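Keep in mind that this is a model prediction, so the values were computed, not measured.
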Amino acid sequence: MKKFFKRYFALTSTGYRIVSLILLPLLIAGITELYIVMGGKNAGVMLIQVWVYVLIFEVIADVWFLGGSCIQNAHEMEYLKTSLSGTKLIKHGVIGDILRRALYFSILILLVFVQTKELQYLLVGILNFSVVMIILNITRALSGANQVMMISVFLGSVLEVLVFLLTWFVQRAGMKMFILVTVAAVVLAVAVSIFTVWHVMHCVKGDYYEEGSGQSF
């Protein structure tokens, strides 16, 4: 795990680490705490907004990290894509980014759960991890900042409502159903993470090796 984080930090600038890994997460944690204090156990509607903020934050941060990496014939990180050691660095960086996201989501989930004692927020957090990962796989294939923001806000808002509705119905279906769906959500999160690594590397491979020199990696 240390190796993946090291490679991840190697791909990021100091400004990125300060803003995206410290300042924005603290801001989101502060907003979350404010909503919990204001709404208590009935803070569900406000916490939907929190997860939309999280999604927007993750998308914006990713624009500075892997934005445009899945655009065909793009020049993002070109100096890394053209060498085998560079593509290995990208792969480990992507894994490090996923581990960082999982850590941040876990902290936010615990922050909400410990104070509300509501199991539904555990499921909401796990499902939202997959939501963010799915949207990142889409936005990494886009070049315009406006496109990225529009799609992330629209899809994020729609999916957040669906996630909360699903959680609401599952919780009322009983504990067995809740546990079953939560386990399925964890499996989905792992599957989406694996696909994300494959997808980024497939884009790198297709862009520079299959279509360019004809080599494989």
Worksheet item: Run the side-chain contact (heavy atoms from CB on, under 4.5 Å) check on D62 and D97 step by step: do they pass?
Response: CA-CA 9 Å; D62 192 72; D97 180 55; 4.2 Å; yes
Practice prompt. Walk me through it: do I60 and L24 pass the test side-chain contact (heavy atoms from CB on, under 4.5 Å)?
Written response: CA-CA 11 Å; I60 292 176; L24 287 178; 5.7 Å; no
Fill in: CA sep, side-chain torsions, deciding dist, call: K2, F5, side-chain contact (heavy atoms from CB on, under 4.5 Å)
CA-CA 5 Å; K2 182 180 179 181; F5 279 121; 5.9 Å; no
Practice prompt. Begin from the C-alpha positions of L55 and I135 and carry the test side-chain contact (heavy atoms from CB on, under 4.5 Å) through to its verdict.
Written response: CA-CA 9 Å; L55 186 144; I135 292 179; 3.2 Å; yes
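Following chains of ILVMFWY side-chain contacts shorter than 4.5 Å, one cannot reach I194 starting from M201, and the two form parts of different hydrophobic clusters. One hydrophobic cluster, built from ILVMFWY side chains closer than 4.5 Å, cannot hold both V37 and L110; they sit in different ones. Linking ILVMFWY side-chain heavy atoms closer than 4.5 Å, directly or via other members, places I107 and V114 in two distinct hydrophobic clusters. Note: the hydrophobic cluster containing V190 does not contain V181 (ILVMFWY, side chain heavy atoms under 4.5 Å, direct or indirect links). F169 and L119 fall into different hydrophobic clusters, where Ile, Leu, Val, Met, Phe, Trp and Tyr side chains are chained together by heavy-atom contacts under 4.5 Å.
In this structure, M1 and L99 approach most closely via the heavy-atom pair CG-CD1, 3.9 Å. In terms of heavy-atom proximity, V131 sits nearest to V163 at CG2-CG2, 4.0 Å. Heavy atoms only, all atoms of each residue included: P25 and F57 are closest at CG-CZ, 4.0 Å. Contact between I36 and L111 at its shortest, heavy atoms only, is CD1-O, 4.1 Å. For N137 against T196, the heavy-atom pair with the smallest separation is ND2-OG1, 2.9 Å. Smallest separation of non-hydrogen atoms from E58 and F105: OE2-CE1, 3.9 Å.
Ring centroids of W51 and Y121 are separated by 6.0 Å or more, keeping the two rings apart.
Here OG1 of T87 is found 9.5 Å from NE2 of H92. Values are rounded to the nearest 0.5 Å. With values rounded to the nearest 0.5 angstrom, I126 atom CD1 is found 8.5 Å from S106 atom OG. The line from CD of Q49 to CG of L47 is 9.0 Å long, rounded to the nearest 0.5 Å. To the nearest 0.5 angstrom, I138 atom CD1 is 9.5 Å from H199 atom NE2. The CD1 atom of I90 sits 7.5 Å away from the CG atom of L66 when rounded to the nearest 0.5 Å. Note that CZ of R101 is 6.5 Å distant from CZ of F129, once rounded to the nearest 0.5 Å.
Side-chain contact between V183 and V186 is absent, with no heavy atoms from C-beta onward closer than 4.5 Å. Counting heavy atoms from C-beta on, the side chains of V153 and V52 never come closer than 4.5 Å. By the 4.5 Å heavy-atom criterion applied to side chains, I98 and V197 are counted as neighbours. Looking at L27 and L23, their side chains never come closer than 4.5 Å, going by heavy atoms from C-beta outward.
Between Y8 and F65, the ring planes are perpendicular. Angles over 60° get that label, and only those under 30° would be called parallel.
Looking at V170, L123, T167 one by one, the single match for side chain to side chain contact (heavy atoms under 4.5 Å, CB included) with T182 turns out to be L123.
For the pair R100 and Y104, the cation-pi criterion (under 6.0 Å, within 45° of the ring axis) is fulfilled.
Within a 6.0 Å radius of CZ in F154, no more than 12 heavy atoms belonging to other residues, nucleotides or ligands are found.
One N or O on the side chain of R17 and one on the backbone of T12 form a donor-acceptor pair closer than 3.5 Å.
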